Amino acid sequence: TKLLLKNRTEGAAIYYTISTDGSEPAEPTVSSSVFDQEQPIIIKGETRIKAIAVKNGVKSDVVTLTYSAKPQLGAPTASIDSGAMVSRGTKLKLSAETGAVIYFTTDGSDPTDSSNSAVASGAEVILDGEPGAQITVRAYARKADRSASETVTFTYQISKNAAGVTADVASGTEVSSGSRVNLMTD
């Protein structure tokens, strides 16, 4: 969870101290960290913040903020190792903690972006694309009583052969009895 600190006084700077182990942070002063809206505070575990606003040497009262982050859900795992060569139409199974919903994309885009129309949900992904194409699956999991998981990335290469397997001797070739045929993938 990202936290933005704001105050109602135009042009005031916010100085803060923070504790992420549940202990009481020091009193903030003008020598403390200055809050930057471009870098929100990330809440993990038991977090306590003390902050003041200062403008023209005038300090506000100290504000104490306390947060408790939900435990983070483990990232989804895939049934096929990332980097594998697969046939078109291969079914990839994604797994996460029981009760979690998995959100994913197959175009490498961000599955956490709620405006992304490429986001799908479920535990099964059909890997499809042109022969030789690389498919990038990005996934994360959500569950009501947990913080969302980290986003993970899995990449797969679509085989250049229709079934993903080819032989060193063309199919339909007449061969001598006892001939050896080697099977291979891309």
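Worth saying up front: this structure is predicted, and the values here are computed from it rather than measured.
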For [Y], is there any backbone N or O sitting under 3.5 Å from a side-chain donor or acceptor partner on [X]?
X	Y	value
Q72	A148	yes
D21	S23	yes
K143	T98	yes
R88	G129	yes
T105	D110	no
S32	T17	no
Q157	G132	yes
T136	T155	no
Y156	I80	yes
K50	S19	no

Non-hydrogen side-chain atoms of [X] and [Y] separated by less than 4.5 Å:
X	Y	result
R48	L65	no
F154	L94	yes
V137	L127	yes
P111	N116	no

Please say whether more than 12 non-hydrogen atoms of neighbouring residues, nucleotides or ligands are located less than 6.0 Å from [atom1] in [X].
X	atom1	result
D145	CG	yes
R142	CZ	no
K93	NZ	no

Interatomic spacing from CZ in R138 to CG in D113 - rounded to 0.5 Å:
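Reported value, rounded in 0.5 Å steps: 10.5 Å.
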